[in-house]
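Step one of this worksheet: look at the structure below.
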Amino acid sequence: MKYTQLGRTGLQVSRLVLGTMNFGPLTDEAGSHALMDAALDAGINFFDTADIYGVDEEKGLTEKILGSWFAKGGDRRDKVVLATKMYGDMTQGKAWSTPSWPNHSKLSAVNIRRSVEASLKRLGTDHIDIYQFHHVDRDTPFEEIWQAIDVLITQGKILYAGSSNFPGYKIAQANETAARTGRLGLVSEQCLYNLAERRAEMEIIPAAQEYGLGVIPWSPLHQGLLGGALRKEREGAGSRTKGGRSAAGLADPAVRAQIQAYEDLLAKHDLDPGEVALAWLLTRPGVTGPIVGPRTPAHLESALRAVELELSEELLGALDEIFPGPGPSPEAFAW
């Protein structure tokens, strides 16, 4: 496994991030434990979760599965850089719906305190390494958010703060507010970023680089589209991705033609589409490592091969032709 610094921090993390959203809803506890053991054995030390994961069966279920794995001992917790997220309603109903009771969602100091205590209990640990805001809160000032984070850092319950799904201007706003009072601010940003979805290059990634945040792409295979979707369609494998984006995307003739060109290109080079999609992200400036969410040992093994995969300049150029990015910011879209 290869390692890098998380943004401007001194924290060393693996170039692959183990995503745990499938743990519980798609992979049972025993299977989840086996995947985490395999990931750790392979050198992956960066595990990502969220308080709402497990939402289809039980909010908080995924954190509980991690907690039962940590409880097995063997220095599991000590070896893992643990990241979780908070924002959504944990009481009942959908995670992003209006909460059933006031102050049970978003980023108020009250809800930050409540959420971290609940996550620590489910995870069975005394601290969270990177505590992430799962969404922007347009109603709570960053002065209040940072005050709440300061308390948790002083108490030793969290070490760093990160963001997820933040636009560039919110990254700037958060870290400018932190800098005015001598705080470290955000150290990471999780964003939707992959070959087929490159809008993050317009504002989010430049802002993250400017302020020293490590970029952690989620959905690196675009929910299956970049993982050999057409090949699997021919083989009758079908799509088990959340929301069926793979099947829905292929119904669009333009998307289908783009994915066909992608798979044809990689077939000429005898390369696996999913592995190339991950390897491409590892070449991107500012990227710490993509989040991979394996359901099976084979998925994990494929992701691990991507870390060692070297993409030629010729191949990178051909990928840019199939999936052109937005261009330099702001010239490409302002001029």
Side-chain angles (χ1 to χ4, degrees), residues 1-6 12-23 27 34-48 80-81 83 188 190-198 200-201 205 214-232 237 239-241 245-246 258-259 261-320 322-323 325:
M1 179 52 59
K2 298 177 182 178
Y3 299 89
T4 188
Q5 305 296 121
L6 179 65
Q12 285 197 326
V13 294
S14 51
R15 302 251 25 220
L16 289 181
V17 183
L18 182 69
T20 62
M21 190 167 67
N22 291 327
F23 294 176
T27 306
L35 282 170
M36 286 187 278
D37 280 334
L40 203 60
D41 288 344
I44 297 177
N45 74 334
F46 197 178
F47 288 20
D48 177 73
V80 168
V81 174
S188 61
Q190 283 191 30
C191 59
L192 174 60
Y193 185 36
N194 54 56
L195 265 169
E197 176 49 87
R198 296 178 61 172
E201 294 174 1
I205 292 174
V215 176
I216 306 169
W218 59 264
S219 195
L221 303 187
H222 211 47
Q223 293 191 353
L225 274 174
L226 298 170
L230 288 173
R231 182 192 66 204
K232 292 175 183 177
S239 172
R240 294 183 61 193
T241 59
R245 178 179 288 177
S246 181
Q258 194 177 39
I259 298 301
Y262 174 63
E263 294 190 17
D264 287 347
L265 171 67
L266 300 186
K268 293 178 183 177
H269 293 270
D270 195 26
L271 293 171
D272 178 81
E275 293 171 18
V276 168
L278 292 174
W280 178 83
L281 281 169
L282 292 171
T283 71
R284 297 299 90 190
V287 168
T288 298
I291 297 175
V292 296
R295 295 192 305 271
T296 67
H299 292 160
L300 178 61
E301 291 166 7
S302 177
L304 290 167
R305 287 193 293 271
V307 178
E308 303 300 327
L309 187 59
E310 297 288 339
L311 304 182
S312 68
E313 291 299 322
E314 178 186 2
L315 182 58
L316 289 171
L319 291 172
D320 275 337
I322 297 172
F323 301 106

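For this chain, numbers begin at 1 and follow the sequence in order. None of the values given here were measured: they were computed from a predicted structure.
Heavy-atom minimum distance, A279 versus A306: CB-O, 3.7 Å. G228 and P273 make their closest contact through N-CB, 3.6 Å (heavy atoms, listed as atom of the first residue, atom of the second, distance). Of all the heavy atoms in M1 and S14, the pair that sits closest is CG-CB, 3.7 Å. Residue R295 comes nearest to T27 through the heavy atom pair O-OG1, 3.5 Å, listed as atom of the first residue, atom of the second, then distance. Looking at every heavy atom in both residues, P290 comes nearest to L282 through CD-CD2, 3.7 Å. For the pair L221 and G274, the tightest heavy-atom approach, listed with the atom from each and the gap, is CD2-O, 3.5 Å.
Judged purely by atom type and a 3.5 angstrom limit, N22 uses its side chain to pair as donor or acceptor with the backbone of G293. The backbone N or O of L192 sits nowhere less than 3.5 Å from a side-chain atom of S219 that would complete a donor-acceptor pair. Between the side chain of S302 and the backbone N or O of H299 there is no donor-acceptor pair closer than 3.5 Å. No donor-acceptor distance shorter than 3.5 angstrom exists from the side chain of Y262 to the backbone of L225, with no hydrogens or angles considered. Not a single donor-acceptor pair under 3.5 Å links the side chain of N45 to the backbone N or O of V81. Looking at E263, its side chain does come within 3.5 Å of a backbone N or O of L230 through a donor-acceptor pair.
At least one side-chain heavy atom of I44 sits under 4.5 Å from a side-chain heavy atom of L304. Counting heavy atoms from C-beta outward, L226 and W280 have side chains that stay 4.5 Å or more apart. The shortest side-chain heavy-atom distance between Y3 and R15 does not fall under the 4.5 Å cut-off.
Remark: Y193 OH to I205 CD1 distance equals 4.0 Å, nearest 0.5 Å. Taken from CD1 in I259 to CZ in R231, the straight-line distance is 12.5 Å, to the nearest 0.5 Å. Distance check, rounded to the nearest 0.5 Å: CD of E275 to CG of L266 gives 10.5 Å. Taken to the nearest 0.5 Å, the CD1 atom of I216 stands 12.5 Å off from the CG atom of L281. Atom CG of N194 is separated from atom CZ of R284 by 12.0 Å, given to the nearest 0.5 angstrom. How far CG of L300 is from CG of L18: 7.0 Å, rounded to the nearest 0.5 Å.
A83 pairs by the side chain to side chain contact (heavy atoms under 4.5 Å, CB included) definition with F46, D48, I130, Q132, not counting sequence neighbours. Judged as a side chain to side chain contact (heavy atoms under 4.5 Å, CB included), and not counting sequence neighbours, the contacts of A303 are L16, L278, V292. Remark: D37 engages W69, R76 in a side chain to side chain contact (heavy atoms under 4.5 Å, CB included) (not counting sequence neighbours).
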> Between T288 and V17, is a side-chain contact (heavy atoms from CB on, under 4.5 Å) present by the stated rule, with each step listed?
Replying inline: CA-CA 9 Å; T288 298; V17 183; 5.6 Å; no

>> L311 vs H269, test: side-chain contact (heavy atoms from CB on, under 4.5 Å). Steps then yes/no.
In response: CA-CA 11 Å; L311 304 182; H269 293 270; over 6 Å; no

>> Is there a side-chain contact (heavy atoms from CB on, under 4.5 Å) between L315 and L265? Walk through the geometry before answering.
In response: CA-CA 9 Å; L315 182 58; L265 171 67; 3.7 Å; yes

